[in-house]
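Below: one structure, written as structure tokens.
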Amino acid sequence: MEEKKSKVILHGMWASKYSKRVEIALKLKGISYEYVEEDLKNKTESLIQLNPVLKKIPLLVHDGKPVADTQVILDYIDETWKNSPRFYPEDPYERAQEMTVSCCKVFEVMGRVMLQEGEAQAKSVEEARERFRVLEEGLKKHFPNKTIRGNDDVGLLDIIIIASFGVYKAVHEAIGVEIIDPVNTPTLYNWIEQLQQLPVIKEVEVPHDRLVTFLQKCRQEHLQQAANA
């Protein structure tokens, strides 16, 4: 008897780095899925019903069963579809090395850079550069000879890096501040460049011009709201 094919649906938003992580994971595993684009100001009824507590994207629905929270979804994908690539190294020490490299603090300060101006932004830019310096040192220390030749070389850390920083050129254009470059962050820069050569990553690339326009609009709306507060 032919095995029943599972149905996978992803509720996401095109500009979300968290949705992008899940998209990349599904593509890497070769999982066919239906994509539902969500308007975060007018979410679909199905998203609200399937994720009534958080009501957030991304949301993965596997054979009718909802799985919420980005990291939980990524772990679920890796444990449900055990084919290559596996998202975590088998070696416990290598896994521990990956866990020591955190991007969370970088995300936080970059959010402030995006939504600030003047002296406040200048201060956040300096903080961002310092945090990227720490991230750069961590990558260089733990992964000195990182080479990405194909999908099998991609793990969780790579997914996070490309989904979060692969759009750095659009971010630079939108805010007028350059932080990731081959001089100050060579390891991170080369890591991104290698990942962007993979066909699977090119399949889910966010359109540059569309993202620049979107980020500029979000920035202006926030600054206007702050000025009127």
Side-chain angles (χ1 to χ4, degrees), residues 12-24 38 40-41 54 56-58 69-71 74 97-143 146 156-196 201 204-229:
M13 188 270 184
W14 69 274
S16 166
K17 61 178 174 284
Y18 300 106
S19 288
K20 196 58 61 180
R21 291 181 193 181
V22 179
E23 283 189 74
I24 293 169
E38 292 285 348
L40 301 188
K41 295 180 180 178
L54 298 176
K56 290 183 178 181
I57 55 95
D69 185 89
T70 309
Q71 189 56 55
L74 294 173
Q97 286 182 311
E98 286 203 1
M99 297 297 288
T100 64
V101 179
S102 174
C103 301
C104 296
K105 291 182 179 180
V106 175
F107 301 152
E108 176 195 350
V109 71
M110 282 306 296
R112 295 204 305 273
V113 171
M114 174 66 65
L115 301 176
Q116 291 174 332
E117 60 182 348
E119 291 184 11
Q121 187 192 52
K123 183 178 179 181
S124 292
V125 167
E126 289 307 309
E127 185 179 348
R129 287 188 171 131
E130 173 58 22
R131 292 190 180 184
F132 270 102
R133 184 190 64 77
V134 173
L135 174 60
E136 172 73 15
E137 289 182 355
L139 294 175
K140 191 182 301 183
K141 175 182 177 181
H142 297 297
F143 311 99
K146 180 68 175 181
L156 180 63
L157 181 59
D158 306 289
I159 292 172
I160 292 173
I161 285 175
I162 194 62
S164 305
F165 306 130
V167 296
Y168 72 93
K169 292 179 182 177
V171 174
H172 293 169
E173 187 173 334
I175 65 177
V177 176
E178 187 173 37
I179 295 178
I180 298 174
D181 61 58
V183 175
N184 295 304
T185 55
T187 305
L188 178 59
Y189 178 88
N190 290 330
W191 202 307
I192 294 169
E193 289 291 305
Q194 290 186 74
L195 285 166
Q196 287 179 329
I201 299 300
V204 296
E205 276 184 342
V206 176
H208 176 87
D209 291 343
R210 184 184 181 191
L211 183 59
V212 171
T213 301
F214 174 78
L215 293 175
Q216 289 174 334
K217 181 181 177 182
C218 290
R219 173 176 164 78
Q220 290 304 317
E221 287 178 352
H222 178 86
L223 292 174
Q224 188 62 49
Q225 290 173 2
N228 295 336

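The figures that follow rest on heavy atoms only: side chains count, while hydrogens, waters and symmetry mates do not. Values in this document were obtained by computation on a predicted structure and should not be read as measured data.
- Using a 4.5 Å cut-off on side-chain heavy atoms (C-beta onward), Lys217 and Glu221 make contact.
- To the nearest 0.5 Å, atoms NZ (Lys20) and CD1 (Ile159) are separated by 13.0 Å.
- Glu126 is linked by a salt bridge (Lys or Arg N to Asp or Glu O under 4.0 Å) to Arg129, counting only residues two or more places apart in sequence or in another chain.
- Smallest separation of non-hydrogen atoms from Ala174 and Leu215: CB-CB, 3.7 Å.
- Every residue two or more places apart in sequence or in another chain was checked for a side-chain hydrogen bond (donor to acceptor under 3.5 Å, both in side chains) with Lys141, and none qualifies.
- Counting all heavy atoms, side chain and backbone alike, Cys218 lies closest to Leu115 at O-CD2, 4.3 Å.
- Of all heavy-atom pairs between Val113 and Arg219, the closest is O-NH1, 3.7 Å.
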Please step through side-chain contact (heavy atoms from CB on, under 4.5 Å) for the pair Leu139 and Ile161, ending with a clear verdict.
CA-CA 11 Å; Leu139 294 175; Ile161 285 175; 4.2 Å; yes
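- By the salt bridge (Lys or Arg N to Asp or Glu O under 4.0 Å) test, Glu127 pairs with Arg112, Arg131, sequence neighbours left out.
- Between atom CD of residue Glu117 and atom CG of residue Leu223 there is a gap of 4.5 Å, rounded to the nearest 0.5 Å.
- For the residue pair Glu136/Thr185, the side-chain donor-acceptor check at 3.5 Å is not satisfied.
- Remark: Glu38 CD to Ile57 CD1 distance equals 8.0 Å, nearest 0.5 Å.
- Relative to the six-membered ring of Phe107, Lys17 meets both conditions, a distance below 6.0 Å and an angle of at most 45° to the axis.
- Shortest non-hydrogen contact noted between Leu211 and Ala170 is CD2-CB, 3.8 Å.
- Applying the ring-ring contact (aromatic ring centres under 6.0 Å, His included) rule to Tyr168 yields the partners His172; only residues at least two apart in sequence or on another chain are considered.
- Among residues two or more places apart in sequence or in another chain, the side-chain contact (heavy atoms from CB on, under 4.5 Å) test is passed with Lys146 by Phe143, Ile148, Asp158, Trp191.
- Residues satisfying the side-chain hydrogen bond (donor to acceptor under 3.5 Å, both in side chains) test with Asn228, not counting sequence neighbours, are Gln224.
- Evaluation of the side-chain hydrogen bond (donor to acceptor under 3.5 Å, both in side chains) rule for Asp181 yields Asn184 as partners, not counting sequence neighbours.
- Identified under the ring pair (Phe, Tyr, Trp, His ring centres under 6.0 Å) test for residues 207-229, with sequence neighbours left out: Trp14-Phe214.
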Working for side-chain contact (heavy atoms from CB on, under 4.5 Å), residues Phe132 and Val106:
CA-CA 7 Å; Phe132 270 102; Val106 175; 3.1 Å; yes
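- The closest donor-acceptor contact from the side chain of Lys140 to the backbone of Thr187 lies at 3.5 Å or more, if one exists at all.
- Between Tyr189 and Phe165, the ring center distance fails the sub-6.0 Å criterion.
- For Ile201, the side-chain contact (heavy atoms from CB on, under 4.5 Å) test picks out Ile24, Ile162, Leu198, with sequence neighbours left out.
- Nearest heavy atom pair, residue Ser19 against residue Gly12, reads OG-CA, 3.3 Å.
- With sequence neighbours excluded, no residue forms a side-chain hydrogen bond (donor to acceptor under 3.5 Å, both in side chains) with Gln121.
- In this view, Lys169 satisfies the salt bridge (Lys or Arg N to Asp or Glu O under 4.0 Å) rule with no residue, not counting sequence neighbours.
- A donor-acceptor pair under 3.5 Å links the side-chain atoms of Ser124 to the main chain of Ala120, judged by distance alone.
- By the side-chain contact (heavy atoms from CB on, under 4.5 Å) test, Glu137 pairs with Arg133, sequence neighbours left out.
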